[in-house]
Amino acid sequence: MTERKSPTAVLHEGPRALTDEQVREIEETELDGVLAVDIDDVIEYVHRDLKSLPDFMTLYRRYLKQRWDVYDLDFTQDKIDWTEKMTAEERESFTAISSGFHHGERQVEIELPVFMIGASEEEKVHIAAQIEDEARHTVFFDRFYREVVGLDGDDIMDVLDASFPWVSETFVGPFGLLAYQADEVRLNPYDERARVRYGTTYFLWIEGVLALSVMKVTLSYARWRGVLPAYYTGFTATCRDESRHVQGGMKYLQDAVRKDPTMIHEIHNTLRTILSMSGVASRRIYFEPLGWTEEEVNLLFIQQLRRKLNDVGIDLAPDLEEMLNYVKPELAGG
Ligand SMILES: [Fe+2]
Ligand SMILES: [Fe+2]
């Protein structure tokens, strides 16, 4: 077990500065070296390029270098940690959080193709790569649930069905909204307003806020307790993939607002919808066994949202600022 600073202390430290050496380590590490990479540095890396967003072909070149083989992971030690080192409370909290991801990865994989239709050629190349990333993340969770958590099933959907009882209700919120918005885009693939609404839910909220926050909670737990090395490796590599998805998504939203400043209303309205449905949760997630309080997780969400918006130069409307003060979003991910 390594020494652990409280999440509150870390959250108040503010942005970390990454050296060129750290950036190289994050960008170029092969899968077997990922265990040594600190998750906080990877999350910092997501924001590093947001002010001068890389273009889609640069992101595609990074994808070609960074893609990893999900079958290179060996979950033997994770299984031992899961049954022998982790307490029942830790397992329960961990499963409650990771099940949002288990379902989230699969859903974003199947909702993404419609967004390609109205995209520029360069963005299509980037999204094609992103779909492959999300498919790999789906397989990663399928393996984790079979080989570590111990759920059985003949196929991917069987294992998803088995983890569904743990999924927090908020999954039904942002993911239900995304399914609805994906249908809108399917019907009118060139409707830029529908695409911006979809992009706000998917790239800004689900990937930029929920996914990165959940990653930070579960990966900092695994590092602090010294458990689940294959989960840590695969999910940190996943976080590096998500940094490309968030950067691509923020580039899309930034370009859309620059082309037509009234698009900001679509972003604000979508955030209003998401924040208004986020307070409801009949299946609560208890973060304490993983070393986090609910307040710390809420603070993390809000920090993640503000940083994305600030970095790409999108302001919040005053009523949204107010909503952020009392809303308590729950966890899911993609
Ligand atoms: Fe993903
Ligand atoms: Fe993603």
Side-chain angles (χ1 to χ4, degrees), residues 26 31 34 39 42-43 45-47 49-50 53-54 56 59-60 62-64 66-70 73 97-116 119 123-145 156 159-160 163 167 171 174-175 177-179 181-182 185 195 198-219 230-253 274 301 304-305 308 312 331-334:
I26 294 164
L31 192 61
V34 169
I39 182 59
V42 185
I43 288 178
Y45 173 71
V46 176
H47 297 92
D49 276 339
L50 284 181
L53 285 169
F56 293 122
L59 291 172
Y60 180 65
R62 276 190 204 161
Y63 156 82
L64 290 175
Q66 294 177 349
R67 56 187 298 202
W68 45 283
D69 186 339
V70 62
L73 295 170
I97 295 177
S98 58
S99 296
F101 253 102
H102 186 205
H103 286 255
E105 296 292 2
R106 174 259 173 196
Q107 180 169 1
V108 293
E109 175 203 343
I110 58 158
E111 302 290 18
L112 197 46
V114 292
F115 192 73
M116 268 176 93
E123 193 178 8
K124 280 184 180 125
V125 170
H126 163 72
I127 292 172
Q130 181 171 343
I131 291 171
E132 192 277 321
D133 277 332
E134 307 295 16
R136 187 160 11 89
H137 303 166
T138 300
V139 176
F140 170 73
F141 275 100
D142 185 64
R143 285 198 61 197
F144 179 75
Y145 272 87
I156 288 177
V159 180
L160 282 162
S163 84
V167 177
F171 172 85
F175 284 91
L177 180 64
L178 183 67
Q181 289 169 328
V185 174
R195 298 184 82 242
Y198 169 108
T200 303
T201 302
Y202 189 145
F203 310 123
L204 176 59
W205 186 257
I206 292 173
E207 293 186 312
V209 178
L210 293 187
L212 292 182
S213 302
V214 180
M215 285 170 161
K216 192 176 164 89
V217 172
T218 62
L219 292 171
Y231 176 88
Y232 188 91
T233 301
F235 211 32
T236 301
T238 297
C239 187
R240 186 170 68 176
D241 298 337
E242 294 301 335
S243 76
R244 277 183 276 104
H245 306 171
V246 172
Q247 288 166 0
M250 294 307 98
K251 170 142 190 69
Y252 166 71
L253 290 177
I274 292 169
F301 276 130
Q304 291 289 324
L305 178 64
K308 306 290 171 316
V312 297
L331 290 167

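Just so you know, ligand 1 is whichever comes first in the structure, and atom 1 is the first atom listed for that ligand. Everything numeric in this text was worked out from a predicted model, so none of it was measured.
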- [ ] Go through the steps to decide whether H103 and F175 satisfy the test ring pair (Phe, Tyr, Trp, His ring centres under 6.0 Å), and finish with yes or no.
- [x] CA-CA 9 Å; H103 286 255; F175 284 91; 9.2 Å; no
Open item on the list: I'd like to know: is the Fe ion (ligand 1) within the 2.8 Å range of an N/O/S atom from H137, strictly under that distance?
Closed with: yes
Open item on the list: Any N/O/S atom, side chain or main chain, of E134 closer to the Fe ion (ligand 1) than 2.8 Å?
Closed with: yes
- [ ] Output the atom name for the N/O/S atom of E105 with the smallest distance to the Fe ion (ligand 1).
- [x] OE1
Task: Residue E242 atom name (nearest to the Fe ion (ligand 1); N/O/S) - done: OE2
TODO: Please assess E109 against T138 for the test side chain to side chain donor-acceptor pair (under 3.5 Å), listing each intermediate value before the final yes or no.
DONE: CA-CA 8 Å; E109 175 203 343; T138 300; 2.9 Å; yes
Task: Closest approach to the Fe ion (ligand 2) by H245, given as the N, O or S atom name - done: ND1
TODO: Indicate whether the side chain of S98 and that of Y231 have a donor and an acceptor atom separated by less than 3.5 Å.
DONE: no
Open item on the list: Within the structure provided, determine whether V108 and H245 are in side-chain contact (heavy-atom separation under 4.5 Å).
Closed with: no
- [ ] Might you work through the ring pair (Phe, Tyr, Trp, His ring centres under 6.0 Å) test for F115 and Y252, ending with a clear yes or no?
- [x] CA-CA 11 Å; F115 192 73; Y252 166 71; 5.2 Å; yes
- [ ] Tell me, please, if E207 has any N/O/S atom, main chain or side chain, under 2.8 Å from the Fe ion (ligand 2)?
- [x] yes
